[in-house]
Structures are given as C-alpha cells and as structure tokens.
**Q** 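Can you read through this structure? Questions will come right after.
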Amino acid sequence: MRILFMGTPDFAVVSLKRLVEDGHDICGVFTQPDKPKNRGHKLAFSPVKEYALSQNLTVYQPLKMRDGEAMSIVEELAPELIVVAAYGKILPEDILNYPKYGSINVHSSLLPKYRGAAPINWAILDGEEETGVSIMYMAKELDAGDVILQKTTVIGGEEDALTLTARLAELGAEALSEAVEALKNGTASRTPQDGSKQTYASMLSKEMSPIDWNRSAHAIGCQVRGLIPWPCASTELAGQRFKVYRTTPGGETDKAPGTILAAGKMGIEVACGDGKSLCITELQAEGGKRMAASAYLLGHPIQI
C-alpha cells in the first residue's frame with residue numbers, strides 16, 4: 001500500500017520500521033522541524049527523521065498544517081493511506097480525508113480512556129493495572145475516531161513510563177501491521193467510541209513533580225514511575241532536594257508522613273500518609289548524577 005507516514009519520537013520509529021519491513025510503499029515521511037538540543041543548541045533531527053533518512057525515504061517538515069503547503073505535498077504524494085504515530089501536530093480535515101483508505105492513528109491507550117498527549121504516563125499515575133494500544137480512524141475531534149482494533153497488556157508493578165513506552169511501541173507496530181492488512185483486504189472493523197467513558201491525558205508539567213508524603217505509598221510510587229523520564233518526581237529530604245527515580249515498598253509505620261525512617265544499604269525509607277513507607281532506591285541530587293541511593297549515602301550521610 002502507498003503510505004504517507006507522520007511521526008516524530010522513538011515511539012513512532014517502531015511503527016514506521018514495521019511498515020517498511022512489511023513491504024509497503026512509504027511515499028513520504030512528515031516529522032517535526034529540527035530543534036536545538038543541549039547546551040550547544042545544535043539542531044537535532046527527530047528519531048523518525050534519522051530512521052527515514054537511513055532508509056532513503058523522503059522527509060518533509062512543514063511548520064504549519066493549515067497554510068496550504070502541507071496539503072499540496074499530500075496531493076503531490078497521492079497516498080492511499082496516512083498513518084500517524086505521535087506526530088505532535090493536529091491535521092486539518094482536508095488532509096485527513098484525502099487518502100482512499102483515510103487516515104489512521106497509533107494511540108497508546110485503550111480508547112476512549114486517556115485521549116490526549118500523555119496516555120502512557122497517566123495510566124501509571126492513576127494506578128491502572130492494564131493499558132494497551134488502539135488503531136483508530138482519525139477524526140476532527142482529538143482521539144475520538146472509530147477504532148479498528150486494540151491490543152491490551154498488563155502494566156508491571158515496577159514498570160515506569162519509559163519502559164512501558166518501549167513495550168507499547170512494539171505492540172502498536174504489531175497492531176498497525178494487522179490494521180493496514182485488514183484495510184487492504186477490506187476486512188477492517190469500525191467500532192465507534194463510547195464518549196461517555198472518555199478520560200483525558202493532559203500534558204505533563206513540572207508542577208506535578210513535588211511528592212506529597214501525606215499521600216499513600218502506592219500513589220507516590222505511581223507518581224515516581226509515571227513521571228519518568230520527565231519531569232520526574234522530586235522531594236526535599238534533610239534539607240537536600242532530590243529527583244526520585246525508583247522506589248520499593250517499605251513496611252508499616254506510625255511516624256508522621258515525610259519522616260526519614262532509615263538511610264542505608266536499602267536506600268532512604270520515608271513514612272507515607274497511609275501508615276506505610278517507601279524506600280527511595282534511585283535518585284539524583286541537584287547538580288549531581290542519577291545513582292543508587294545507597295551509593296549517594298556513602299558520600300553524603302543523611303541524619304535520621
């Protein structure tokens with residue numbers, strides 16, 4: 001099938017790679033414009049652009065989608081299908097409706113739950129036990145199109161948003177491959193979403209970082225896992241500010257929330273608001289490097 005692909009981060013690369021491996025004619029690739037990176041502010045390619053160029057695919061990076069330029073490119077390429085995976089731009093209806101088979105999206109949640117920008121993070125933040133991917137027809141309303149198929153997976157108890165993203169990228173590519181084949185064969189289903197069950201996964205912000213130790217140990221653990229790799233959960237312990245990257249369940253305690261119960265080989269154990277504790281096992285001090293809490297404590301003892 002002649003496909004125009006649109007995507008930007010690593011998550012999208014996996015889907016594009018699968019389409020290439022399946023033998024489809026990738027007539028073009030849309031991705032976000034190059035952006036300055038690190039202290040040198042050198043322009044960096046998106047992961048999708050890097051992969052596309054390695055496969056000799058033609059890359060387009062329109063600044064806007066509604067000024068006519070993008071539509072003219074689409075008309076020139078004449079795709080039978082547009083596939084979108086974490087592109088980062090909203091497509092106007094004339095582009096969505098242009099291809100013979102329409103435009104479909106690889107979305108990393110079980111729609112209608114977690115429509116929006118950060119579905120993987122919010123599934124973990126909310127303590128969900130399972131999530132998945134949805135392949136859907138794109139519509140004018142955000143993430144509201146009819147679903148072609150879904151695949152479900154259990155969220156591991158220690159899994160953070162970064163590792164879950166990698167797994168869902170693979171699951172999404174598998175689902176996409178099946179959906180494109182079904183479209184080609186005329187067997188693709190079309191299931192409307194139940195809008196009454198929708199939830200919204202808003203963009204993450206730094207304001208979500210500070211840990212409130214009055215919350216339950218489980219909720220704080222979900223916060224830590226859900227905010228990786230950005231903006232990361234943070235806390236102040238013994239006058240020092242830390243980013244918290246990993247925790248393990250502690251035990252029962254009658255100490256006030258936020259009290260440091262122990263600091264040693266197991267990490268830094270802190271009392272939570274539900275009478276339980278969490279042990280911080282991986283952290284990063286301001287100006288320092290990410291490391292095991294036990295290693296940090298060797299050079300920076302924390303008084304209990």
Side-chain angles (χ1 to χ4, degrees), residues 1-31 48 51 74 79-91 93 95-120 122-123 128 130-155 164-195 197-201:
M1 187 179 291
R2 187 173 175 82
I3 297 175
L4 170 58
F5 184 86
M6 301 183 180
T8 300
D10 289 312
F11 177 89
V13 172
V14 185
S15 286
L16 176 56
K17 183 178 181 181
R18 181 59 181 264
L19 293 174
V20 170
E21 292 173 347
D22 285 351
H24 294 290
D25 175 14
I26 310 301
C27 60
V29 174
F30 277 34
T31 191
V48 161
Y51 174 76
V74 172
E80 297 176 281
L81 175 71
I82 292 176
V83 173
V84 179
Y87 178 33
K89 287 183 178 291
I90 296 175
L91 306 186
E93 286 186 275
I95 291 179
L96 291 178
N97 297 331
Y98 178 86
K100 172 183 177 181
Y101 294 99
S103 300
I104 63 174
N105 178 249
V106 183
H107 187 76
S108 48
S109 79
L110 298 174
L111 294 169
K113 294 185 72 173
Y114 299 112
R115 296 177 181 177
I120 299 173
W122 278 104
E128 298 281 0
E130 69 174 20
T131 187
V133 294
S134 302
I135 309 299
M136 65 169 185
Y137 292 97
M138 298 183 71
K140 181 179 180 180
E141 186 180 351
L142 179 66
D143 299 332
D146 296 345
V147 174
I148 300 174
L149 64 86
Q150 294 182 320
K151 288 184 178 292
T152 303
T153 185
V154 173
I155 300 176
L164 182 56
T165 296
R167 282 208 304 115
L168 290 181
E170 296 291 343
L171 193 64
E174 179 184 333
L176 174 63
S177 178
E178 294 179 16
V180 173
E181 188 65 22
L183 285 167
K184 181 180 177 181
N185 296 334
T187 59
S189 61
R190 189 163 195 146
T191 306
Q193 295 185 41
D194 183 349
K197 296 181 179 179
Q198 70 167 304
T199 58
Y200 181 62

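Computed over heavy atoms, backbone and side chain alike; hydrogens, waters and symmetry mates excluded. If you're wondering where the values come from, they're calculated on a predicted model, not measured in any experiment.
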**Q** Report the distance from atom CD of Glu128 to atom CG of Leu110, rounding to the nearest 0.5 Å.
**A**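 So the gap between those two atoms works out to 9.0 Å.
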
**Q** Output, in order, the C-alpha distance, side-chain angles, deciding distance and verdict of side chain to side chain contact (heavy atoms under 4.5 Å, CB included) for Val133 and Leu176.
**A** CA-CA 10 Å; Val133 294; Leu176 174 63; over 6 Å; no

**Q** If I take atom CD from residue Glu170 and atom OG from residue Ser15, how far apart are they, to the nearest 0.5 angstrom?
**A** 9.0 Å

**Q** Looking only at heavy atoms, which two atoms of Thr8 and Tyr87 are closest? And how far apart?
**A**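 It is OG1-O, 2.8 Å.
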
**Q** Counting only N and O atoms by type, is there a donor-acceptor contact under 3.5 Å from the side chain of Ser134 to the main-chain atoms of Leu111?
**A**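 Yes; judged by distance alone, with no hydrogens or angles, the pair exists.
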
**Q** Please give me the minimum heavy-atom distance between Ser103 and Leu96, naming the atom from each residue.
**A**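 Scanning both residues completely, I find the closest heavy atoms to be OG-O, 2.9 Å.
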
**Q** Rounded to the nearest 0.5 Å, what separation is found between the OG1 atom of Thr131 and the CG atom of Leu168?
**A**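 Result: 5.5 Å between the selected atoms.
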
**Q** So, do Tyr51 and Val20 sit near enough that their side-chain heavy atoms are less than 4.5 Å apart?
**A** yes

**Q** Please examine the side chains of Val106 and Ile135, heavy atoms only from C-beta on, and report whether any two atoms are closer than 4.5 Å.
**A** yes

**Q** How would you list, by chain and number, every residue that makes a ring-ring contact (aromatic ring centres under 6.0 Å, His included) with Phe5, sequence neighbours excluded?
**A**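 ring-ring contact (aromatic ring centres under 6.0 Å, His included) check on Phe5 returns nothing, list empty.
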
**Q** Would you say the side chain of Asp146 lies within less than 4.5 Å of the side chain of Thr191, judging by non-hydrogen atoms?
**A** no

**Q** Using the test salt bridge (Lys or Arg N to Asp or Glu O under 4.0 Å), find all partners of Asp143 that sit at least two apart in sequence or belong to another chain.
**A** none

**Q** Quick check on Leu142: does its CG atom have over 12 non-hydrogen neighbours (other residues, nucleotides or ligands) under 6.0 Å away?
**A**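 Yes, the 6.0 Å shell around CG holds more than 12 heavy atoms from other groups.
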
**Q** Working to the nearest 0.5 angstrom, can you tell me the gap between Thr153 OG1 and Glu130 CD?
**A** 8.5 Å

**Q** I'd like to know if the side chain of Asn105 and the backbone of Met136 have a donor-acceptor N/O pair within less than 3.5 Å.
**A**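 A pair under 3.5 Å: no.
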
**Q** To the nearest 0.5 angstrom, please state how far the CG atom of Leu171 sits from the CD atom of Gln150.
**A**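 That separation rounds to 11.0 Å.
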
**Q** With Thr199, which residues qualify under side chain to side chain contact (heavy atoms under 4.5 Å, CB included), at least two apart?
**A**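 In terms of side chain to side chain contact (heavy atoms under 4.5 Å, CB included), with neighbours along the sequence ignored, Thr199 is linked to Lys113, Tyr114.
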
**Q** So which atom in Arg167 and which in Val154 form the shortest heavy-atom distance, rounded to 0.1 Å?
**A**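 Minimum heavy-atom contact is NH2-O, 2.8 Å.
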
**Q** Could you state the interatomic distance from OH (Tyr101) to CD1 (Ile3), rounded to the nearest 0.5 Å?
**A**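 If we round to the nearest 0.5 Å, Tyr101:OH and Ile3:CD1 are 10.5 Å apart.
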
**Q** How close do Ala144 and Gln193 get, heavy atom to heavy atom, and via which atoms?
**A**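 Answer, listing the atom of Ala144 first, then Gln193: C-NE2, 3.3 Å.
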
**Q** Search all heavy atoms of Ala12 against all heavy atoms of Ala85 and return the closest pair with its distance.
**A**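 Where Ala12 meets Ala85 most closely, the heavy atoms are CB-O, 3.0 Å.
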
**Q** Work out which heavy atom in Val14 is nearest to a heavy atom in Ala169; give both atom names and the distance.
**A**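 That would be CG1-O, 3.5 Å.
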
**Q** For residues 8-18, pull every pair meeting salt bridge (Lys or Arg N to Asp or Glu O under 4.0 Å), keeping only residues two or more places apart or in separate chains.
**A**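 Found Arg18-Asp22.
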
**Q** Only pairs at least two apart or in different chains count here, so list each salt bridge (Lys or Arg N to Asp or Glu O under 4.0 Å) that has a residue in residues 175-188.
**A**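 Sorted result for residues 175-188: Lys151-Glu178.
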
**Q** Does Lys100 offer a backbone N or O that forms a donor-acceptor pair with the side chain of Glu80 under 3.5 Å?
**A** no

**Q** Checking Glu93 now: which residues fulfil salt bridge (Lys or Arg N to Asp or Glu O under 4.0 Å) with it, not counting sequence neighbours?
**A**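 So Glu93 forms no salt bridge (Lys or Arg N to Asp or Glu O under 4.0 Å) with any residue.
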
**Q** So Leu91 and Met6, side chain to side chain contact (heavy atoms under 4.5 Å, CB included) or not? Walk me through it.
**A** CA-CA 10 Å; Leu91 306 186; Met6 301 183 180; 3.6 Å; yes

